[in-house]
Amino acid sequence: MSTPTKDVVVTTSGDRDCHVERVFDAPRERVWAAYSRVEQLAQWWGRGNQLDIERWEFRKGGHWRFVEHSDGETHGFEGRFREITPQERIVQSFEWDGMPAHITIDTTTFVDLGDGRTKVVTDSLFHTQEERDGMLGSGMAAGMTESYLALDRLLAA
């Protein structure tokens, strides 16, 4: 079995987009389950910290809201699902309480690499370049890296 790629690759090509890629050493079905089953999601999302799932409606039009607890602080996140294609794609809005009313549209695609690994690709579209740069400057990549390391641990269990 191959070694998981620990690096989150974050790139931008336009003025309002952000492209994120990460490879996981697990089949697509297992990675999809970690994204779609709330009991698994709660174990890795939010960097693996304590996570309150205030709302989870995993369906088109459904609303989700999570509150992460870290270092005596709370961080709220929420959105609504636009599209769910099982094991292939999730399109949803995303809003962080730290930047209220700055909503992105995230498209996450699950790519079966054919060798027991899965590439997760997330393309985020921001309303303005300033909003995108603000999110990138907030420590988004570091937080995603920590969350994905927690996901690695879940997938290895």
Trainee: Just so I know, are the side chains of Gln87 and Glu29 near enough to count as touching, which here means a heavy-atom distance under 4.5 Å?
Mentor: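 Yes, side chains in contact.
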Trainee: May I ask you to check whether His63 and Glu57 show a side-chain donor-acceptor distance below 3.5 Å?
Mentor: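 There is no such pair (donor and acceptor under 3.5 Å, judged by atom type) between the side chains of His63 and Glu57.
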Trainee: Kindly indicate, with the supporting measurements, whether the criterion side-chain contact (heavy atoms from CB on, under 4.5 Å) is fulfilled by Val38 and Phe58.
Mentor: CA-CA 9 Å; Val38 71; Phe58 192 64; over 6 Å; no
Trainee: Under the 3.5 angstrom rule, does the side chain of Thr122 hit a backbone N or O of Val20 as a donor-acceptor pair?
Mentor: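 No, Thr122 side chain to Val20 backbone: no donor-acceptor pair under 3.5 Å.
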Trainee: Say whether, by atom type as modelled, one donor and one acceptor occur between the side chain of Asp112 and the main chain of Gly114 under 3.5 angstrom.
Mentor: yes
Trainee: Under a 4.0 Å N-O cut-off, is there an ion pair linking Arg82 with Asp106?
Mentor: no
Trainee: Check Ser147 against Gly46 and note the closest heavy-atom contact, atom names and distance.
Mentor: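 Looking at all heavy atoms of both residues, the closest pair is OG-N, 3.5 Å.
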Trainee: Do Glu54 and Val67 pass the side-chain contact (heavy atoms from CB on, under 4.5 Å) test, and can you show the C-alpha distance, the side-chain angles, and the key distance before you say yes or no?
Mentor: CA-CA 7 Å; Glu54 294 185 352; Val67 178; 3.3 Å; yes
Trainee: Verify the cluster assignment for Ile90 and Ile105: are they in a single hydrophobic cluster under the rule of side-chain heavy atoms below 4.5 Å apart?
Mentor: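 Not linked; separate clusters.
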Trainee: Shortest non-hydrogen contact from Ala33 to Gln40?
Mentor: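 Between these two residues, the closest heavy atoms are C-OE1, 3.6 Å.
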Trainee: Looking just at side-chain N and O atoms, do Trp32 and Glu88 make a donor-acceptor pair shorter than 3.5 Å?
Mentor: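 Judged by distance alone, the side chains do not pair up.
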Trainee: Quick check for you: to the nearest 0.5 Å, what is the distance between Thr74 atom OG1 and Asp52 atom CG?
Mentor: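 Between atom OG1 of Thr74 and atom CG of Asp52 there are 9.0 Å.
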Trainee: Drop me the distance from Glu95's CD to Arg65's CZ, to the nearest 0.5 angstrom.
Mentor: 8.5 Å
Trainee: Within the structure provided, determine whether Thr118 and Val111 are in side-chain contact (heavy-atom separation under 4.5 Å).
Mentor: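 Not in contact.
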Trainee: Which heavy atom in Phe110 sits nearest to a heavy atom in Arg89, and how many Å separate them?
Mentor: CD1-N, 4.1 Å
Trainee: Mind checking the CG-CG spacing from Asp133 to Asp15? Nearest 0.5 Å is all I need.
Mentor: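 Reported to 0.5 Å precision, the distance equals 9.0 Å.
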Trainee: Examine Val9 and Leu151 and state if one hydrophobic cluster contains both, with Ile, Leu, Val, Met, Phe, Trp and Tyr joined whenever side-chain heavy atoms are less than 4.5 Å apart.
Mentor: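 Different hydrophobic clusters.
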Trainee: Please indicate whether His127 has more than 12 foreign heavy atoms, meaning atoms of other residues, nucleotides or ligands, lying under 6.0 Å from its NE2.
Mentor: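 Atom NE2 in His127 is not crowded, with 12 or fewer foreign heavy atoms closer than 6.0 Å.
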Trainee: Validate the cation-pi geometry between Arg37 and Tyr35: distance from NZ or CZ to the six-membered ring centre under 6.0 Å, angle to the ring axis within 45°.
Mentor: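 The answer is no, since Arg37 fails at least one limit relative to Tyr35.
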Trainee: Shortest non-hydrogen contact from His19 to Val121?
Mentor: CE1-CG1, 3.3 Å
Trainee: Once rounded to the nearest 0.5 Å, what's the spacing between atom CD of Glu131 and atom CZ of Arg16?
Mentor: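 So the gap between those two atoms works out to 9.5 Å.
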Trainee: To the nearest 0.5 Å, what is the distance between CG (Leu149) and CE (Met144)?
Mentor: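 Rounded to the nearest 0.5 Å, the CG-CE separation comes to 12.0 Å.
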Trainee: Taking all atoms of both residues into account, what is the closest heavy-atom pair of Cys18 and Thr12, and its distance?
Mentor: CA-CG2, 4.3 Å
Trainee: Give me the atom names and distance for the closest heavy-atom approach of Leu155 to Ala34.
Mentor: CD2-CB, 4.5 Å
Trainee: Evaluate ring pair (Phe, Tyr, Trp, His ring centres under 6.0 Å) for Phe94 paired with Trp96, printing each intermediate quantity in order.
Mentor: CA-CA 7 Å; Phe94 176 90; Trp96 171 45; 8.6 Å; no
Trainee: Compute whether any side-chain donor of one residue and acceptor of the other, for Asn49 and His69, lie under 3.5 angstrom apart.
Mentor: no
Trainee: Under a single-linkage definition using a 4.5 Å side-chain heavy-atom cutoff for Ile, Leu, Val, Met, Phe, Trp and Tyr, are Ile53 and Ile84 assigned to the same hydrophobic cluster?
Mentor: yes
Trainee: How about Ser124 and Thr104: does a side-chain donor come under 3.5 Å of a side-chain acceptor?
Mentor: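 No, no side-chain donor-acceptor pair sits under 3.5 Å.
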Trainee: Using a strict threshold of under 4.0 Å (side-chain N to carboxylate O), is an ion pair present between Arg47 and Glu68?
Mentor: yes
Trainee: Any Lys/Arg nitrogen of Arg30 or Asp25 sitting under 4.0 Å from an Asp/Glu carboxylate oxygen of the other?
Mentor: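 Salt bridge between Arg30 and Asp25, a charged N being under 4.0 Å from a carboxylate O: no.
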Trainee: Parallel under 30°, tilted from 30 to 60°, perpendicular over 60°: which one fits the rings of Phe77 and Trp45?
Mentor: perpendicular
Trainee: Verify the distance criterion only: is there a donor paired with an acceptor across the side chains of Asp97 and His75 at less than 3.5 Å?
Mentor: no
Trainee: Should Trp44 and Asp152 be marked as a side-chain contact (heavy atoms from CB on, under 4.5 Å) after you check the CA-CA gap, both sets of side-chain angles, and the distance that decides it?
Mentor: CA-CA 9 Å; Trp44 67 269; Asp152 283 333; over 6 Å; no
Trainee: May I ask you to decide whether Glu21 forms a salt bridge with Lys119, counting only side-chain N to carboxylate O separations under 4.0 Å?
Mentor: yes
Trainee: A side-chain contact here means heavy atoms from C-beta on lying under 4.5 Å apart; do Val23 and Leu113 qualify?
Mentor: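 When only atoms from C-beta onward are counted, Leu113 and Val23 do touch, with a gap below 4.5 Å.
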Trainee: To the nearest 0.5 Å, tell me how far Asp17 CG sits from Thr107 OG1.
Mentor: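 Rounded to the nearest 0.5 Å, the CG-OG1 separation comes to 11.5 Å.
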Trainee: Describe, in one word, how the ring planes of Trp56 and Phe81 are oriented to each other, choosing from parallel (under 30°), tilted (30 to 60°) and perpendicular (over 60°).
Mentor: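 Judged by the thresholds at 30° and 60°, the geometry between Trp56 and Phe81 is perpendicular.
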Trainee: In the structure I gave you, are the side-chain heavy atoms of Ile103 and Phe126 within less than 4.5 Å of one another anywhere?
Mentor: no
